[in-house]
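Numbered from 1 within each chain, the chains take letters A, B, ... in sequence-line order.
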Amino acid sequence: LILIVTLGLGVSLAASMGVLVRIEETEERKDEVDRAASLLSALSAPMSVLLTQGRVADIDNLMGELEHRRQNLGLDAIVLVDAHGVVIAGTDETWFNKDLAATDPFVQRAIAATRALEDPEPPLAPRRVSVPVQSGVRWATLIGSLDEKKLQSNLTERRRRLLVSAFAVSSVGLLVLLLLLSIEVLTPLSDIVRMAALLAKGDLKARAQVRGSSELQVLASTLNDAARRLGQTQETLEAEVARRTDELRHTNEKLTDANERLEKLALTDPLTGLFNRRYLEQALAFEVTRQKRTKRPFSLLMVDVDHFKHYNDAHGHPKGDEILRQLGRILQSTLRASDIVARIGGEEFVVVLLDAELPLAKTAAEKVRQAVEQFEFSEASDQPLGRMTISVGVASWPKHGESADDVVAAADRALYLSKAAGRNRATSAPEPLS
Amino acid sequence: MTRLHRDVVLLCAACVIAASAASCSRRDDALAAFEGGFDPTRYDAGPVTPVDASKLGRALIFAVPPFYAEKIADGAAHDLATYLEHETGVAVEVKASSAYDYNAIVDSLVRGDVDIAELSPLQYALADEHGIGIVPLAASVANGASTYGSYLVAGRGADIHDVRDIKGKRVAFVDPLSTSGFLLPALFLQQHGFDLDKDIHAQFAGSHPAALALVKDGTVDVAAVSSDLLIGNAGLGGPLVVVAKAGRAPNDVIVARKGLDNQIQSVVRTALFRLSIHDVNGRSALRAFSSVDGFMPVPAGHYDAVRVLAKKMPALASPKQ
């Protein structure tokens with residue numbers, strides 16, 4: 001930018017300098033011609049007096065002094081010619097008596113003219129001027145040749161001064177322009193560029209100084225506003241993302257809880273907290289597969305509360321439910337932690353004893369029966385057997401069937417046998433017929 | 001420092017240099033060099049510092065040529081001495097005796113008998129050639145000019161209009177040592193192809209007025225005389241006609257002897273510059289000099305033409321009369 005401005009100024013300066021120098025030359029030459037004409041006009045008055053009196057020696061003295069000082073006059077030579085163009089006197093005495101009109105057309109015109117003449121005529125650059133010497137009568141003509149050397153030296157001096165001043169002035173002007181440019185445009189612009197680069201790198205806190213020309217101030221302000229809004233938007237977005245993430249996590253947690261609860265609800269008995277029939281079926285299917293693969297047996301206890309309807313009727317369902325919950329706790333506490341205890345409906349429970357063959361199952365069944373028999377249930381004394389009891393059917397896999405359903409059916413049949421035999425007992429399923 | 005700042009600093013430096021160059025650019029005022037003019041009173045000689053007259057041990061002796069003896073007798077010498085004493089604070093004696101001539105005055109300057117003297121330019125050039133150390137103090141201005149011319153004049157009816165017309169004519173010169181009365185016209189004629197012995201009939205009249213009288217009464221056809229003689233005269237339209245102008249020579253010069261105290265030289269120079277026919281005192285003091293209007297500083301090269309002439313003098317041997 002600086003280069004372009006400088007070059008532009010340089011070219012326009014050079015062009016205007018060319019015009020100025022030309023004008024100066026014309027002016028200088030015109031000045032010199034005017035000065036010469038003025039000098040000759042001033043001389044014409046005393047010359048006419050001296051000529052009137054025929055005082056040629058006085059004229060020569062005057063010319064002699066002019067000759068001594070011609071360097072200061074701007075005239076190279078002055079001659080005084082008579083009406084015929086013959087030299088009466090001059091700064092160079094050797095011209096005395098020469099008939100200039102015979103050889104010089106300008107002298108011919110000058111002696112005939114009644115006014116000052118220039119040779120050559122404008123617009124050409126004049127080199128000589130003539131002034132008539134007259135006081136009433138035309139006495140003679142003064143002709144002066146311009147001091148071309150002095151003129152050229154003056155012109156050179158003028159050009160030099162013009163160039164130096166123009167250079168100085170334009171330099172100062174350029175400096176001022178550059179300073180203004182720097183203050184108003186370049187510095188604010190570089191500031192904006194720097195800010196934009198920082199923005200591009202992601203520094204949303206970068207700000208440009210609002211200064212310089214009004215357009216740049218507007219630009220800087222707009223950029224700053226944009227950066228600020230971008231920053232704000234980013235902050236808002238980040239906060240929103242954090243909030244959403246938080247919400248999502250929270251929702252996930254709730255969902256997990258709900259799922260767990262749902263799963264639990266789906267697989268457990270809400271009253272006792274024991275597994276329900278669905279879980280039992282899944283567990284049995286799984287266990288049968290597993291036990292088949294590992295060739296390890298398992299047994300199944302089918303448990304039913306004796307005369308539970310009687311208790312419910314006598315004490316109401318809430319009390320009955322309490323009996324069922326209590327019974328669940330007894331089953332869980334009496335059996336191994338690895339055993340699966342499930343309530344499959346009403347007052348019926350099923351226990352899956354893993355890795356247990358029939359004898360061990362029979363023992364476990366008895367252990368459970370005794371635990372129930374011995375537990376002091378609330379208000380169970382009016383039960384038909386005098387206390388709260390259970391009947392248990394025991395069956396084993398693979399002894400009583402290949403499938404889980406077979407084993408369950410066997411255990412169910414054994415339970416029926418216990419009921420039929422008077423309740424409060426554990427009965428093994430009969431050996432299947434081979 | 002950024003590139004921008006560096007550029008600005010460099011431009012600042014360039015501008016300072018340019019401004020310095022511009023301030024150094026001074027125009028030599030041509031008018032300041034314009035010394036002189038037509039009025040000697042324009043010279044500002046500055047204040048006069050009184051000098052110690054005892055340095056000299058006697059009165060300052062100012063010699064003027066014998067040409068002015070009559071005027072001195074009239075009291076002009078006294079007036080000049082009074083003026084100089086008043087201006088310089090030194091006792092001054094103006095001497096002009098018919099026993100003195102230019103050569104005698106130069107001898108007196110060399111001997112130290114005379115301190116200040118008026119010399120013709122030729123005499124000054126010859127004396128200076130001999131290296132006697134005389135110091136030019138002031139150039140005289142006469143008839144409004146610092147120079148005078150040499151004319152070859154003829155009677156109006158003599159039918160002599162051009163230098164070529166002089167051939168074979170009777171020519172009156174002034175004196176073999178006269179600048180305008182012989183040396184300049186003789187050289188001029190030689191330059192125009194004249195053999196002074198063969199082409200003219202020459203004679204010496206002894207003085208300018210005498211030479212002029214010879215042409216007026218028809219004894220000679222042409223006379224070579226100083227232009228001063230024709231000042232105010234009807235050279236044109238009168239009984240005489242100027243046939244040729246043989247050149248110009250500087251007017252007389254006032255010189256100081258070698259070794260004269262510098263301060264005394266300075267006060268005398270100043271006093272001379274202040275002399276002018278434009279005031280009463282000046283007019284009375286200037287009567288001691290012939291037709292002098294005043295004095296001016298000696299311009300550089302003012303006597304060069306005469307020095308050249310002095311060197312050519314041997315070639316201008318007196319023609320047969």
Counting only heavy atoms closer than 4.5 Å, note whether [X] contacts chain A via side chain, backbone, both or neither.
X      : value
B:F188 : neither
B:H302 : side chain
B:V163 : neither

Next on the checklist: Does B:R164 have more than 12 heavy atoms from other residues, nucleotides or ligands lying within 6.0 Å of its CZ?
Outcome noted: no
Checklist entry - More than 12 foreign heavy atoms under 6.0 Å from NZ of B:K167: is that the case here? => result no
Item to check | Distance (rounded to the nearest 0.5 Å) between B:H192 NE2 and A:T94 OG1 | outcome: 8.0 Å
Checklist entry - Rounded to the nearest 0.5 Å, how far does OG1 of B:T147 lie from CD of A:E93? => result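 OG1 of B:T147 is found 8.0 Å from CD of A:E93.
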Next on the checklist: Which one wins on heavy-atom pair count under 4.5 Å against chain A: B:P299, B:G247, B:S146, B:A244?
Outcome noted: B:S146
Checklist entry - How far apart are the closest heavy atoms of B:V243 and A:F96, and which atoms are they? => result O-CE2, 3.4 Å
Item to check | B:S227 to A:A57 - nearest heavy-atom pair and separation | outcome: O-CB, 3.3 Å
Checklist entry - Taking it one step at a time, do B:R248 and A:D60 satisfy side chain to side chain contact (heavy atoms under 4.5 Å, CB included)? => result CA-CA 9 Å; B:R248 296 186 74 81; A:D60 280 338; 3.3 Å; yes
Next on the checklist: Could you check whether any side-chain N or O of A:N97 sits under 3.5 Å from a backbone N or O of B:D162, counting only pairs where one atom can act as donor and the other as acceptor?
Outcome noted: no
